[in-house]
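These notes concern the structure reproduced below.
If you're wondering where the values come from, they're calculated on a predicted model, not measured in any experiment.
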Amino acid sequence: GHTWHHADGLLYRIVAHGTAAALGDTRHAARYGMPGFDSTLSPREIHAVLTYLKTGWTPAQRRRQAEASRGDPFPDSVGVR
């Protein structure tokens, strides 16, 4: 997919809260079918899922995504800084 286009913070919010909430677009929530998993996964588990997704990215994609993440990193609650 295109997950590498997004910063770590946004990816975390999408997995934790669902796409509509992460994007602040509840009006089009039906269009964004991914629900949130914060009631099922801990912050560290969400981080682990996203870390696993990154293993499928090319080095160039990882570099671009790391640059984007400087301005929107994982939240402090994840405890990975």
Side-chain angles (χ1 to χ4, degrees):
H2 68 279
T3 53
W4 62 272
H5 289 221
H6 304 300
D8 287 336
L10 178 57
L11 292 174
Y12 181 90
R13 291 188 299 276
I14 289 170
V15 175
H17 308 298
T19 307
L23 297 177
D25 187 359
T26 55
R27 192 176 100 168
H28 297 102
R31 186 169 124 205
Y32 306 120
M34 181 157 158
F37 290 91
D38 58 347
S39 64
T40 306
L41 300 173
S42 72
R44 284 195 173 267
E45 289 171 323
I46 293 170
H47 178 262
V49 167
L50 294 170
T51 299
Y52 173 75
L53 286 176
K54 292 179 181 189
T55 65
W57 298 347
T58 67
Q61 290 169 332
R62 289 182 195 177
R63 282 191 299 276
R64 183 188 182 285
Q65 196 272 339
E67 289 174 21
S69 295
R70 285 189 197 120
D72 188 8
F74 284 114
D76 290 335
S77 64
V78 176
V80 295
R81 290 191 191 185

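Taking all atoms of both residues into account, the shortest heavy-atom contact from A68 to A7 is O-CB, 3.5 Å. Residues H17 and D38 approach most closely at ND1-OD2, 3.3 Å, considering heavy atoms.
Ring centers of H47 and F74: under 6.0 Å apart, within the cut-off.
Among pairs with a residue in residues 47-72, those fulfilling salt bridge (Lys or Arg N to Asp or Glu O under 4.0 Å) read D8-K54, R13-D72, at least two apart in sequence or across chains.
Between T40 and E45 there is no side-chain heavy-atom pair separated by less than 4.5 Å. Side-chain atoms of L50 and T3, non-hydrogen and from C-beta on, never get closer than 4.5 Å to each other.
For the atom pair CG of L11 and CD1 of I46, the computed distance is 11.5 Å after rounding to the nearest 0.5 Å. Atom-to-atom distance recorded for L10:CG and Y12:OH is 13.0 Å, nearest 0.5 angstrom. Rounded to the nearest 0.5 Å, atoms OG1 (T58) and CH2 (W4) are 7.0 Å apart.
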